[in-house]
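In what follows, chains carry the letters A, B, and so on, assigned in the order in which the sequence lines appear, proteins first and then strands, with residues in each chain numbered from 1.
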There are 2 protein chains.
Amino acid sequence: MAGRRAQMMEETKAKLVRAARQAFAETGFADASMDELTAGAGLTRGALYHHFGDKKGLLQAVIAQIDGEMAARLAVVGERAETPWRGLLDEYRAYLEMALEPEIQRILLLDGPAVLGDPSRWPTQNACLAETTRRIRALVADGAIPPVDPEAAARLLNGASLHAALWVAASDEPEAVLAKALDAFRRLAEGLVRA
Amino acid sequence: MAGRRAQMMEETKAKLVRAARQAFAETGFADASMDELTAGAGLTRGALYHHFGDKKGLLQAVIAQIDGEMAARLAVVGERAETPWRGLLDEYRAYLEMALEPEIQRILLLDGPAVLGDPSRWPTQNACLAETTRRIRALVADGAIPPVDPEAAARLLNGASLHAALWVAASDEPEAVLAKALDAFRRLAEGLVRA
DNA sequence: GAATTGACATACGGAGCGTATGCATGTTCA
DNA sequence: TGAACATGCATACGCTCCGTATGTCAATTC
């Protein structure tokens with residue numbers, strides 16, 4: 001049976017992840033206090049260290065959750081497009097828009113790499129990157145674009161999008177900068193298409 | 001007169017920056033102890049807070065130094081090339097190689113953005129980005145590539161290079177991965193050339 | 001040569017993390 | 001069913017570390 005006990009435990013973990021997600025997004029990982037965070041969830045640091053080991057462990061859990069959500073959103077966008085190529089472009093547009101969300105930017109793009117190192121080494125295997133890699137692989141297989149290492153292309157495009165997002169977010173005139181970034185991005189992406 | 005006093009002061013600051021650079025590179029910003037760091041330079045935290053205000057101030061000084069060095073190296077590489085377009089590609093190859101150096105990767109690419117936010121907002125105006133932007137602007141002005149916002153293109157390419165470097169650095173077989181990354185990068189960059 | 005400035009050291013307070021310990025509830029098994 | 005055991009979580013403690021306030025001594029100024 002599921003067990004009332006195990007269910008409570010999952011609820012506790014969920015509460016902690018929820019509180020951490022908010023705290024990390026608002027304050028940043030380094031300045032987030034574990035005491036405040038857990039108190040906000042009606043718990044103490046005891047629960048935290050019991051379930052997640054340490055502060056970094058909690059960050060990993062938060063990142064895994066966000067990464068999963070992002071991958072799901074990307075897959076939907078990519079599936080909806082008329083052609084696979086449009087699907088890829090739409091996915092990256094969506095990726096850039098997500099990277100503009102403060103929560104994602106702060107936790108996944110800034111603190112994540114600094115605290116846990118390169119994303120590809122994270123225990124939770126970057127579902128988001130896997131999604132775009134998969135799509136590029138399909139394009140190559142269909143002959144829609146000349147052969148290229150799918151993971152390499154995906155990583156470079158992700159990196160470009162990420163930086164574009166940081167730029168747009170820090171800008172004084174986000175709309176104008178976003179337009180420039182999207183234009184330049186399309187130019188780069190079309191480099192994959194040329195013979 | 002120059003003043004023996006002022007000279008000593010510069011030497012002190014230089015010693016602190018040097019020690020910080022090493023400590024940040026080895027331990028990472030968050031885990032670097034100011035006590036140990038300053039003691040290693042034969043000083044105390046007093047000197048540090050007197051000259052740099054706080055821990056972040058010291059990081060800014062370190063980053064400014066590294067950024068300046070990188071920009072200088074890039075300029076040399078770009079100047080040496082036979083055509084402006086080759087110059088740009090060479091610069092990015094050099095950028096990627098620099099991003100593979102642990103010190104640069106740790107301090108400038110991981111901790112820097114996490115602690116200080118988007119690089120474009122740093123007091124020390126990203127000399128490195130300015131260099132690549134300048135070169136792309138020249139290419140557009142010469143008609144070598146179709147019009148594109150130079151800063152946007154530079155930022156996207158920098159972002160792509162940076163991610164490629166993280167990937168290569170974390171890889172088990174760096175040479176193979178580096179080759180893939182460079183190939184994919186060339187493909188993207190050539191997107192700027194198409195009509 | 002007295003006064004002032006500034007470079008740097010020392011001393012102090014507060015906050016935060018991780019661990020060791022305690023408790024109370026749920027589970028297992030004779 | 002009740003006693004032994006395991007586990008989710010709280011409490012208590014020590015340690016490290018940052019930032020500031022205060023002190024000191026040399027150098028410069030007049």
Please determine whether a side-chain nitrogen or oxygen atom of B/His50 lies at a distance below 4.0 Å from atom OP1 or OP2 of C/dC8.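 B/His50 to C/dC8 OP1/OP2: no side-chain N or O under 4.0 Å.
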Look at A/Thr12 and D/dG8 and indicate whether a side-chain polar atom (N or O) is within less than 4.0 Å of OP1 or OP2. no
Would you kindly give the [atom1]-to-[atom2] distance between [X] and [N], to the nearest whole Å?
X: B/Leu48; N: C/dA9; atom1: CG; atom2: P; value: 10 Å
X: B/Leu58; N: D/dC18; atom1: CG; atom2: P; value: 11 Å
X: A/Lys56; N: C/dG16; atom1: NZ; atom2: C1'; value: 16 Å
X: A/Asp54; N: D/dC15; atom1: CG; atom2: P; value: 21 Å
X: A/His51; N: C/dG18; atom1: NE2; atom2: P; value: 17 Å
X: B/Lys13; N: C/dA7; atom1: NZ; atom2: P; value: 9 Å
X: B/Tyr49; N: D/dA21; atom1: OH; atom2: P; value: 13 Å
X: A/Glu11; N: D/dC9; atom1: CD; atom2: P; value: 10 Å

Is the backbone of [Y] close enough, under 3.5 Å, to the side chain of [X] for a donor and an acceptor to pair up by distance?
X: B/Lys180; Y: A/Pro150; value: no
X: A/Arg106; Y: B/Ala114; value: yes
X: B/Thr38; Y: B/Asp35; value: yes
X: A/Asp67; Y: A/Cys128; value: yes
X: A/Lys15; Y: A/Gly42; value: no

So if I take every side-chain heavy atom of B/Lys55 and compare against D/dC18, D/dA10, C/dA7, which nucleotide ends up nearest? D/dC18
Options C/dG18, D/dG19, C/dC8, nucleotide nearest the side-chain atoms of B/Arg45: D/dG19
What about A/Leu74 and A/Leu109, same hydrophobic cluster or not, with Ile/Leu/Val/Met/Phe/Trp/Tyr joined at side-chain heavy-atom distances under 4.5 Å? yes
So if you build clusters from Ile, Leu, Val, Met, Phe, Trp, Tyr with side-chain heavy-atom gaps below 4.5 Å, do B/Trp167 and A/Leu162 land together?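 No; tracing contacts between hydrophobic side chains, which count when under 4.5 Å, never links both residues.
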Nucleic acid contacts of residues 20-43 of chain B, taken as heavy-atom distances under 4.0 Å to DNA chain D: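 Close to the strand are B/Ala32, B/Ser33, B/Met34.
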